[in-house]
Chemist: 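Provided herewith is a single structure, encoded as structure tokens, for subsequent inquiry.
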Amino acid sequence: MIDPRLLRDDPEAIRTSLTRRGSKVDLDALVALDTELRSARQRAEELRARQKEIGREIAGLEGEAKEAAIAGVAQLASEVKETTGEVDRLESDFDMALLEVPNLVAPDAADGFTEEDNVEIKRVGEPLTEGADHATLGEKLGIVDTIRAAKVSGSRFGYLKGKGALLEFSLVRWAMDHLVAEGFTPMVPPVLVREEALVGTGFFPEAREQVYEVPRDELFLAGTAEVPLAAYHTDEILEGGDLPLRYAGFSTCFRREAGTYGKDTAGIFRVHQFDKVEMFVFIDPQDSAAEHDRLLAVEERLVGELEIPYRVVNIAAGDLGASAVKKYDIEAWFPGERRYREITSCSNTTDFQARRLRIRMKTDRGNEVVHTLNGTACAVGRTILALLENHQQSDGSVLIPSALVPYTGFDVIEP
RNA sequence: GGAGAGGUGGCCGAGUGGUCGAAGGCGCUCGCCUGCUAAGCGAGUAGGGGGUGUAAAGCCUCCUCGAGGGUUCAAAUCCCUCCCUCUCCGCCA
């Protein structure tokens, strides 16, 4: 949620951002609604103040004088009820409209509206010019089974098997160890969350169709640990000295992948369920931009240690999620497809989530909404696929990068 | 799943219709005293919105005692619905 004060202090800043995103939000209607709401609120408050004042007088009266006073204020009471009802209606309209407004795009976010407009920042590593694709490799090595997964769960699911399953646990622990060394607190959060957590993180209302629901219990399956980690401090006022708070959350992630029919149907590149280690940070607003770069640096070190060629892209404004002001993706090279594809991502969501979740910090200037950031440390499934493709050998085996061997206990996966 | 208890400010905890945004305690902040990792004394200390103000301060005002609705001139206090937490029993990874 953006700061509603901006609507009257600097609506043009919002307009610029909406334009860069290609957003359809009706800013003028929102500004008008805000104005209407405030004047209605003013009227209601004046009436209510009078009512309370008279109430205090009545408290001191007795007998007939009291009866008369009570009779005299009945009309005022009904006016109060009417005007506050009006304020409530306007307020709820306003709140709903405000939830639809995406965060203000950062000045240095890339311009444009689609993936095509993402700006490449750098490339690292020597890409292989050819190789088998991950679906073929996974099947031949006997470590990924999507055929039987379809029987059990439908499309876009997979079994990891044998060394593939062990590789998963190795990656999780390897990533966690790195993050702990970086000062992150490891967490295993709930993956079933309330609606409030999803609204608070900005996934609702924008991306509601991507989220699995458990209606009977009014819970939702989180698509990322970002959701329970962000909501962890809901309604809290953090001590300035405790910031930044850095969490590393491991969770299984669930995504409906609605609207992706026909995309990435082979293998387990795009699946409904995968595991991920996610970084999440609560920080003083003035430090969030620097922290964003820091998260990217952590991600680069991790991918680099796996000896996977990659590039970093600055995501185009129109391709950003509602909560992000700026986002970097790391795209790993996939020789089977001869292209770079997203394996991690990190976003600065500034005060957007924190305001919705009411997470503040104490400062000399009073309480201030904190900033939050999130970044992928290791999306396990995709990382396994990137390892398979980039470390495949001519004999059909796959070598495990040396950084991982202490965790896997083996250095090669053979057919 | 069954039975019961309870949700009040950073924490604990009083408050069953009016002057209560709320006693008291703890914690914290500032000051005094003492001179020594303490005790004592005094003051301050919930959050949020709107208005006014160049800004800070200040001032005016409204909302918030789990959430929502209702009764009433007036609700932390009465009524209804919901949510959550805890305890015991049952079941269970």
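What's counted below: heavy atoms across the whole structure, side chains too, no hydrogens, waters or symmetry copies. Convention: sequence-line order gives letters A, B, ...; per-chain numbering from 1.
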Chemist: Given B/G48, is OP1 or OP2 found less than 4.0 Å from the side-chain N or O atoms of A/Arg360?
Modeler: yes
Chemist: What nucleic acid atoms does A/Arg38 come within less than 4.0 Å of, heavy atoms only: base, sugar-phosphate, or nothing?
Modeler: sugar-phosphate
Chemist: Are OP1 or OP2 of B/C63 and a side-chain N or O of A/Arg48 less than 4.0 angstrom apart?
Modeler: yes
Chemist: Applying the Watson-Crick and G-U wobble criteria at under 3.5 Å, what pairs with B/A23? Answer none if nothing qualifies.
Modeler: none
Chemist: B/A56 and B/G18: how far apart are their C1' atoms, nearest whole angstrom?
Modeler: 38 Å
Chemist: Given atom CD1 of A/Ile70 and atom C1' of B/A74, what is their separation to the nearest angstrom?
Modeler: 8 Å
Chemist: Measure the distance from CD on A/Glu195 to C1' on B/C82 and round it to the nearest whole Å.
Modeler: 15 Å
Chemist: Which value, in whole Å, describes the distance between the C1' atoms of nucleotides B/U52 and B/C73?
Modeler: 31 Å
Chemist: Nearest to the side chain of A/Arg8 - B/G18, B/G50, B/G49?
Modeler: B/G50
Chemist: Across all strands shown, which nucleotide pairs with B/C82 by Watson-Crick or G-U wobble geometry, both distances under 3.5 Å?
Modeler: B/G66
Chemist: Between B/G18, B/C73, B/G48, which nucleotide gets closest to the side-chain atoms of A/Asn367?
Modeler: B/G48
Chemist: Is any side-chain heavy atom of A/Arg355 closer than 4.5 Å to a side-chain heavy atom of A/Pro4?
Modeler: yes
Chemist: Ring centres under 6.0 Å, that's the criterion: do A/Phe220 and A/Tyr212 meet it?
Modeler: no
Chemist: Reckon A/Arg358 touches a base, only the sugar-phosphate, or nothing at all at heavy-atom distances under 4.0 Å?
Modeler: nothing
Chemist: Any strand is fair game: report the nucleotide pairing with B/G18 by Watson-Crick or G-U wobble, both distances under 3.5 Å, or none.
Modeler: B/C73
Chemist: Among the nucleotides B/G51, B/G48, B/U61, which one has an atom lying closest to any side-chain atom of A/Gln42?
Modeler: B/G51
Chemist: Base, sugar-phosphate, or nothing for A/Arg43, non-hydrogen atoms under 4.0 angstrom?
Modeler: nothing
Chemist: When the P atoms of B/G66 and B/C11 are considered, how many whole Å apart are they?
Modeler: 13 Å
Chemist: Rounding to the closest angstrom, what is the interatomic distance between B/G2 and B/A76 at atom P?
Modeler: 34 Å
Chemist: Can you tell me the Watson-Crick or wobble partner of B/U87, both distances under 3.5 angstrom?
Modeler: B/A3
Chemist: Partner of B/C32 by Watson-Crick or G-U wobble geometry, both contacts under 3.5 Å, or none?
Modeler: B/G40
Chemist: Separation of A/Ile58 atom CD1 from B/A74 atom C1', in whole Å?
Modeler: 7 Å
Chemist: Can you find a heavy atom in the side chain of A/Leu166 that is under 4.5 Å from one in the side chain of A/Phe410?
Modeler: yes
Chemist: For A/Arg256 and A/Glu209, what are the C-alpha separation, side-chain angles and deciding distance, and is it a salt bridge (Lys or Arg N to Asp or Glu O under 4.0 Å)?
Modeler: CA-CA 7 Å; A/Arg256 293 189 64 235; A/Glu209 72 285 352; over 6 Å; no
Chemist: Within 45° of the ring axis of A/Phe269 and under 6.0 Å from its six-membered ring centre, is that where the NZ or CZ of A/Arg341 lies?
Modeler: yes
Chemist: When the C1' atoms of B/U81 and B/C89 are considered, how many whole Å apart are they?
Modeler: 28 Å
Chemist: Roughly, in whole Å, what's the span from CD in A/Glu53 to C1' in B/G18?
Modeler: 15 Å
Chemist: Please state how far atom CG in A/Leu61 lies from atom P in B/G17, giving the value in whole angstrom units.
Modeler: 20 Å
Chemist: Would you kindly check whether a donor in the side chain of A/Lys52 faces an acceptor in the base of B/G18, or vice versa, at under 3.5 angstrom?
Modeler: no
Chemist: The side chain of A/Arg5 lies closest to which of these nucleotides: B/U71, B/G47, B/G50?
Modeler: B/G50
Chemist: Between P on B/U29 and CD on A/Glu239, what's the gap in Å once rounded to a whole number?
Modeler: 10 Å
Chemist: On a whole-Å scale, what distance lies between the C1' atoms belonging to B/A23 and B/G9?
Modeler: 13 Å
Chemist: Under 3.5 Å for both donor-acceptor distances, Watson-Crick or wobble: does B/G58 have a partner, and if so which one?
Modeler: B/U52
Chemist: For B/U85 and B/A67, measure between their P atoms and round to the nearest Å.
Modeler: 16 Å
Chemist: Let me know, please, whether A/Asp88 or A/Gly55 comes out on the 5' side of the other along RNA chain B by nearest nucleotide.
Modeler: A/Gly55
Chemist: Nearest whole Å is fine: how far is B/C84 P from A/Glu196 CD?
Modeler: 12 Å
Chemist: A/His134 versus A/Glu337: any side-chain heavy-atom pair under 4.5 Å?
Modeler: yes
Chemist: Taking the ring centre of each residue, are A/His272 and A/Phe254 less than 6.0 Å apart?
Modeler: no
Chemist: Write down the distance separating the C1' atoms in B/C62 and B/A55, rounded off to the nearest Å.
Modeler: 24 Å
Chemist: Return the value, rounded to whole Å, for the distance between atom CD of A/Glu236 and atom P of B/G10.
Modeler: 11 Å
Chemist: Heavy atoms, side chains only, cut-off 4.5 Å: are A/Leu320 and A/Lys326 in contact?
Modeler: no
Chemist: Give A/Glu46 one of three labels, base, sugar-phosphate or nothing, depending on what nucleic acid heavy atoms sit under 4.0 Å from its own.
Modeler: nothing
Chemist: Nearest-nucleotide wise, let me know which of A/Lys362 and A/Glu45 is further upstream toward the 5' end of RNA chain B.
Modeler: A/Lys362
Chemist: Is A/Lys81 touching bases, backbone alone, or none of the nucleic acid, heavy atoms closer than 4.0 Å?
Modeler: sugar-phosphate
